[in-house]
Amino acid sequence: MSIKINNLSKYYGQQKALNNINLEINSNEVVGLLGPNGAGKSTLMKIITCFIPPSKGSVSVNGMDIIDNSIDIRKQIGYLPENNPLYPDMYIKEYLFFVAGIHNIENPKKRIQEIIELTGLTIEQNKKIRFLSKGYKQRVGIAQALIHDPKVLILDEPTSGLDPNQLSDIRNLIRTIGKEKTVLLSTHIMQEVEAMCSRVIIIKKGAVVADDATGNISKIFGEKNIITVEFDTPLNELKPNIEGLLHTKKISSTKWIVESSTKKDIRPELFKYAIDKNLTIISLNKETNTLEQVFQRLTK
Ligand code: ADP
């Protein structure tokens with residue numbers, strides 16, 4: 001199951017929300033769509049799920065075009081819209097029966113019980129939606145998106161507003177679902193992506209500015225050559241004879257930062273320097289760009 005997006009643009013009147021997007025998303029990937037508020041994440045999701053049409057370009061889901069095969073595509077996509085719209089006066093099961101009816105699901109009772117268990121709703125299953133915590137409401141939103149066993153799951157800000165325990169439960173649930181389905185989720189929180197996604201797509205003002213495996217994204221601006229070194233005794237000065245040394249900076253009596261301009265890893269040289277000076281190193285760490293730093297530099 002793949003999603004192919006070609007030269008996609010979207011205008012709301014004069015407002016350009018998406019600007020010539022090209023992407024391909026393949027099976028069994030959990031992809032994080034990351035961008036500041038207003039970047040175009042929800043717009044992209046609404047187009048893929050056939051809720052709104054594009055202004056230019058095309059999108060296909062499993063080879064079917066979103067305009068020509070909208071009904072068939074909707075059958076294969078589960079969608080949790082932003083702000084998770086639910087019917088608060090319905091009971092959980094009543095609501096899931098209603099959604100199962102829309103999808104014409106055979107034996108809805110059995111499927112609803114399966115989905116209640118999968119999404120961890122069992123202990124709350126007899127309650128009205130209104131009385132659920134935000135975390136459980138989110139589970140109901142994910143349950144309705146999964147009820148017809150779609151191959152693709154599109155989740156718009158699935159973890160927004162959750163407390164740390166609810167957050168961890170929903171992240172685990174999404175990771176479990178991602179083993180069997182293609183998941184595209186949006187967020188403006190970097191840690192979400194690091195916790196759940198194998199791939200990150202960063203968008204800014206409607207355009208893709210980065211697209212890579214989560215583990216690679218921190219290398220976008222090159223490796224930093226900043227080392228934090230800690231000795232077992234206080235030092236007054238640190239002047240290692242290292243090629244390309246830019247500066248050393250004391251951050252506590254025993255801890256120093258050493259920055260060099262070379263691409264070479266300077267840790268072995270620092271280690272030799274310590275031995276020559278009869279110093280004992282107790283930690284030596286190389287800094288890398290965090291996803292947060294990359295995100296800020298790309299989207300500012
Ligand atoms: P995100 O989900 O990344 O926060 P959106 O896709 O919601 O971004 O919005 C992208 C841009 O399009 C924003 O500038 C937003 O104000 C604008 N926008 C979104 N929906 C509409 C709409 N229905 N009418 C006019 N402008 C809209």
Side-chain angles (χ1 to χ4, degrees), residues 3-25 29-61 66-67 70 73-74 77-86 134 137-138 141-142 144-145 150 152-162 167 170-171 174 178 182-212 214 217 220 290-300:
I3 302 172
K4 285 189 183 146
I5 300 171
N6 290 314
N7 304 321
L8 179 70
S9 294
K10 176 73 185 177
Y11 300 86
Y12 296 106
Q14 297 291 313
Q15 169 86 51
K16 192 184 247 185
L18 294 176
N19 185 10
N20 201 31
I21 301 254
N22 287 285
L23 283 174
E24 190 164 337
I25 296 168
E29 274 190 292
V30 179
V31 178
L33 193 58
L34 189 62
N37 287 328
K41 305 181 294 294
S42 296
T43 300
L44 181 59
M45 293 184 148
K46 283 179 197 160
I47 293 175
I48 298 172
T49 51
C50 310
F51 270 70
I52 56 171
S55 306
K56 277 188 197 159
S58 63
V59 178
S60 67
V61 178
I66 50 158
I67 304 289
S70 148
I73 289 179
R74 286 174 211 220
I77 289 186
Y79 177 37
L80 173 69
E82 200 180 6
N83 302 324
N84 187 17
L86 295 169
K134 177 121 201 215
K137 282 186 183 139
Q138 214 65 358
I142 295 175
Q144 67 73 29
V152 177
L153 201 57
I154 310 265
L155 307 172
D156 200 347
E157 304 259 0
T159 53
S160 79
L162 300 182
L167 200 67
I170 297 289
R171 282 176 179 174
I174 292 171
T182 305
V183 180
L184 177 65
L185 63 91
S186 73
T187 174
H188 55 275
I189 304 163
M190 280 62 61
Q191 290 82 354
E192 292 296 281
V193 171
E194 280 172 322
M196 288 184 283
C197 307
S198 51
R199 175 175 163 197
V200 194
I201 297 167
I202 301 181
I203 64 170
K204 173 193 178 183
K205 292 186 183 161
V208 174
V209 290
D211 177 4
D212 212 330
T214 310
I217 217 97
I220 282 182
T290 61
L291 181 57
E292 188 157 356
Q293 288 163 333
V294 173
F295 176 76
Q296 283 175 350
R297 281 178 70 174
L298 285 172
T299 58
K300 248 186 192 160

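Note that this is a predicted model, so its numbers are computed, not measured. Each ligand, and each atom within it, is numbered from 1 in the order the structure gives.
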Query raised in the report: Do you know the tightest heavy-atom contact between A145 and P150?
Result: O-CG, 3.3 Å
Dump the pairs for me: ligand 1 N or O, protein N or O, distance under 3.5 Å, to 0.1 Å.
from     : atom 1 : to  : atom 2 : distance (Å)
ligand 1 : 2 (O)  : S42 : N      : 2.8
ligand 1 : 2 (O)  : S42 : OG     : 2.9
ligand 1 : 3 (O)  : A39 : N      : 3.1
ligand 1 : 3 (O)  : G40 : N      : 2.9
ligand 1 : 3 (O)  : K41 : N      : 2.9
ligand 1 : 3 (O)  : K41 : NZ     : 2.9
ligand 1 : 4 (O)  : G38 : N      : 2.7
ligand 1 : 6 (O)  : T43 : N      : 2.9
ligand 1 : 6 (O)  : T43 : OG1    : 2.5
ligand 1 : 8 (O)  : G40 : N      : 3.1
ligand 1 : 14 (O) : Q15 : NE2    : 3.2

Query raised in the report: Between the main-chain N or O of P36 and the side-chain N or O of K41, is there a donor-acceptor pair closer than 3.5 Å?
Result: yes
Query raised in the report: Is the backbone N or O of L34 less than 3.5 Å from a side-chain atom of T187, with the two atoms forming a donor-acceptor pair by type?
Result: no
What donor-acceptor contacts under 3.5 angstrom involve side-chain atoms of residues 43-54, with partners at least two apart or in another chain?
from : atom 1 : to  : atom 2 : distance (Å)
T43  : OG1    : Y12 : OH     : 2.9
T49  : OG1    : M45 : O      : 2.7
T49  : OG1    : K46 : O      : 3.2

Residues 193-208 side chain polar contacts: donor-acceptor under 3.5 Å, at least two apart:
from : atom 1 : to   : atom 2 : distance (Å)
S198 : OG     : V30  : N      : 3.4
S198 : OG     : V30  : O      : 3.3
R199 : NE     : D211 : OD1    : 2.9
R199 : NH1    : E24  : O      : 2.8
R199 : NH1    : E29  : OE1    : 3.2
R199 : NH1    : E29  : OE2    : 3.4
R199 : NH2    : E24  : O      : 3.0
R199 : NH2    : D211 : OD1    : 3.4
R199 : NH2    : D211 : OD2    : 3.0
K204 : NZ     : K300 : O      : 3.1

Report summary line: side-chain hydrogen bond (donor to acceptor under 3.5 Å, both in side chains) filter on N22, not counting sequence neighbours, yields N7
